[in-house]
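Inspection log for the structure reproduced underneath, given as structure tokens.
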Amino acid sequence: MKARKIILAIALVALSMPTLNAQKVKGSDTVLPLSQKEAEAYGKKGGKITVTGGGSGVGLAALIDGSTDIAQSSRKMKFDEKAKMSEAGKQVREVIIAYDALAVVVNPANKVSQLTREQLEGIFTGKIKNWKEVGGEDLKIVVYSRETSSGTYEFFKESVLKNKNYASTVLSMPATGAIIQSIKQTKGAIGYVGLAYVNNTVKDLKVSYNKGKTYADASVANAKNKTYPIVRPLYYYYELKKEKQVKPFINFVLSAEGQAIVSKVGYIPVK
Amino acid sequence: MNKIFRGRKYFLEAIWEGLLKISGSITSIVVLLIVVFLFKEGMGLFNSKKIEDGYSIAINKTNTLTKLSSEEVKNVFDAEITSWKALGVKMENDEIVVLRLNDVESYANEEEMALLDQSFDNLPKVINRIIEDNPNMIAFVPETYLNKGFSGKKIDLGNISPKEFFGGKEWFPTAQPVPQFGVLPIILGTLWVSLGAILLALPFGLAVSIYMSELASTRIYKLMKPVIELLAGIPSVVYGFFGLIVIVPLIQKVFNLPVGETAMAGSIVLGIMALPTIITISEDALRTVPRAMKEASLALGANKWQTIIKVTIPYAISGITAAVVLGIGRAIGETMAVLMVTGNAAVIPHTLLEPVRTIPATIAAELGEAPSGGVHYQALFVLGCILFILTLIINLTVEYVSSKNKHKAH
């Protein structure tokens, strides 16, 4: 009897959900501050959006089992997630709402100003240990990284290290702010941070993805015209069936007003 | 009238007693449940497969390989091992080619791509064809894609063994295809930092407590006591930030190191944090030394200093030991401050001037994102069990030391 009552209550809550017309956005903590600001601005126009974090993987899993309307993600949907989605009989749509560039930063006293992807891979996997091997002075390289749980950690591993593992001697810091602080006070340091976090206490490096033919500066302009390579799109994923419900919010995010918020939060607008 | 009053009094007393008893037993039960929970969550680890859940390592059927250690798998997929000869396999084309699920698109031909676009049901066929055509390939793909008519061989890596877990030297909990759970560097890092902390905190703590209990005037004592108690009230994040901004660069400069985030930075911060515990408890112990003992010593012609060294400290030694052990306990379990200053690199430390990773820092940094119930989650709970056992040993030592004290007193 009691169990039946509980089931009834759950069913009632579940039924009342869509009538509230609140859409749920869930996923990446990188996209979280952006989605929150967008939802706030959208809320002033009468729309209702609830935003929660938890990580890209969590958001996409929620999209697959239908417990969220939009999954925010700082990485492309993985092959096996797509497979799961199609197993569940759902078609997924992908929208790029902004870009985020990762800058490779060193101590301002460091003479090195540019590195190739191969050199970066060597440094972060522990094969290159001294700055003189990449044209700097005779100084031990101290590598800073984010914790394994961070999406930034995964993206850097995928894009720069080509899925190889970081060296075990890499120092991992709990937050981007801590990485900046440590690089500021350590002469031989190197690390990666979101472009929005770069300030004048650290120096960002030019990076080449074509074995040194061309180097590009980490800047909003270069990220936009795609000459800077370490750029990741930030995505919204939704189910095709729910397109009608979620489209107004997504259109708002992609509108001039929404994209102005993107710049304000520190990411790179799509247009 | 009097009788009724007395009866009511007994009744009230009985209620009070009952309440105390209930709260006592509830507390004990909760503590026990937490311990049971800790061990229950960690237990499953050694029944889990080494390879990421739901995935398999597959090779061409002509390949003679039968066994791979988890370290070898990691090295193969990190392109550290690139020839089959290194794995003891003779092959025409010696180069190892690695296939991950995301690489499938670059190996599939146009026809297969069209099939894949239609439906993922065609995926097993495509994977099968790719592995069949490449005898020198090693693939890491979901188990479900290898079931229907797969012609190659699957390699079973077996379960995680306690030997690899406790003796392993590499901690890569999110590595694909085989996460590496070697806790040795993390346990050593924890002990290293705590030991350093206590070596730093003990002389200072003892000095302050002797000063406060024996030498300080009442006015200074009244000033110092709240300051030291304040030290215990500062949140550990504040200590961590202080460490990162002040102590880390200082160590780097003084020892001329490439990096300042070291075990020593952690030890100093933890030492400061353990000070209030050590000072308060050992000061209490010093204060319980009977006045008669000290006066007898003074009456025999010993001066104040001799009395402290020869009478007061030996009498209070078990209390001081308890203070030290509890201080270590405080240091071992500390999370946030250590997370910020020790650099968190999971390598076995050889000196105090190297970065280390501690058990609490590892749990704090990783538990939030570990899929609940998965191997990584279980491994973190086993780390929690190890920490629990370490603190238990410490507490038992305190018990032993203070019980020894009682015998002496009688």
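- Neither the backbone nor the side chain of Lys184(A) comes within less than 4.5 Å of any heavy atom in chain B.
- With respect to Glu147(A) and Arg357(B), a salt bridge is recorded, a charged nitrogen being found less than 4.0 Å from a carboxylate O.
- The local environment of NZ in Lys164(A) is crowded, with over 12 non-hydrogen atoms from other residues, nucleotides or ligands closer than 6.0 Å.
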Apply side-chain contact (heavy atoms from CB on, under 4.5 Å) to residues Glu80(B) and Thr125(A) and explain how you reach the verdict.
CA-CA 10 Å; Glu80(B) 303 265 345; Thr125(A) 54; 5.6 Å; no

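- A pairwise comparison of heavy atoms in Leu244(B) and Met173(A) identifies CD1-CE, 4.4 Å as the closest pair.
- Contact annotation for Ser86(A): only side-chain heavy atoms (C-beta onward) come within less than 4.5 Å of a heavy atom of chain B.
- Here the side chains of Ser168(A) and Trp171(B) are not in contact, with every heavy-atom distance at 4.5 Å or above.
- Only the backbone of Ala167(A) comes within less than 4.5 Å of a heavy atom in chain B; its side chain stays farther off.
- Within 6.0 Å of NZ in Lys242(A) there are more than 12 heavy atoms belonging to other residues, nucleotides or ligands.
- Heavy-atom pairs under 4.5 Å with chain A were tallied for Glu170(B), Lys253(B), Glu261(B); the largest tally goes to Glu261(B).
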Test log, rule side-chain contact (heavy atoms from CB on, under 4.5 Å), inputs Tyr144(A) and Val259(B)
CA-CA 10 Å; Tyr144(A) 287 93; Val259(B) 54; 3.5 Å; yes

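- Listed options Ala189(A), Ser182(A), Ser172(A) were ranked by heavy-atom pairs under 4.5 angstrom with chain B; first place goes to Ser172(A).
- Contact of Gln185(A) with chain B is made through backbone and side chain together, with heavy-atom distances under 4.5 Å.
- Between Glu154(A) and Thr174(B), the closest heavy-atom pair is OE2-OG1, 4.1 Å.
- Annotation: Phe165(B), atom CZ; neighbour count of heavy atoms from other residues, nucleotides and ligands within 6.0 Å is above 12.
- Counted within 6.0 Å of OH on Tyr197(A), heavy atoms from surrounding residues, nucleotides or ligands total 12 or fewer; the atom is thus considered open.
- Atom NZ of Lys140(A) sits in a sparse spot, with 12 or fewer heavy atoms from other residues, nucleotides or ligands closer than 6.0 Å.
- Residue-environment remark: CD (Glu71(B)) stays at or below the threshold of 12 foreign heavy atoms within 6.0 Å.
- Interface check for chain A: of the options Met340(B), Arg100(B), Glu354(B), Lys169(B), the most heavy-atom pairs under 4.5 Å are formed by Arg100(B).
- Contact between Phe172(B) and Tyr166(A) at its shortest, heavy atoms only, is CZ-O, 2.9 Å.
- Only the side chain of Val142(A) has a heavy atom closer than 4.5 Å to any heavy atom of chain B.
- When all heavy atoms of Pro258(B) and Thr186(A) are compared, the pair lying nearest together is O-CG2, 3.0 Å.
- Contact count against chain B (heavy-atom pairs under 4.5 Å) is highest for Asn165(A) among Asn163(A), Asn165(A), Ile141(A).
- For a residue to count as touching a neighbouring chain, one of its non-hydrogen atoms must lie under 4.5 Å from one of that chain's; by this rule Ile245(B) touches chain A with backbone and side chain alike.
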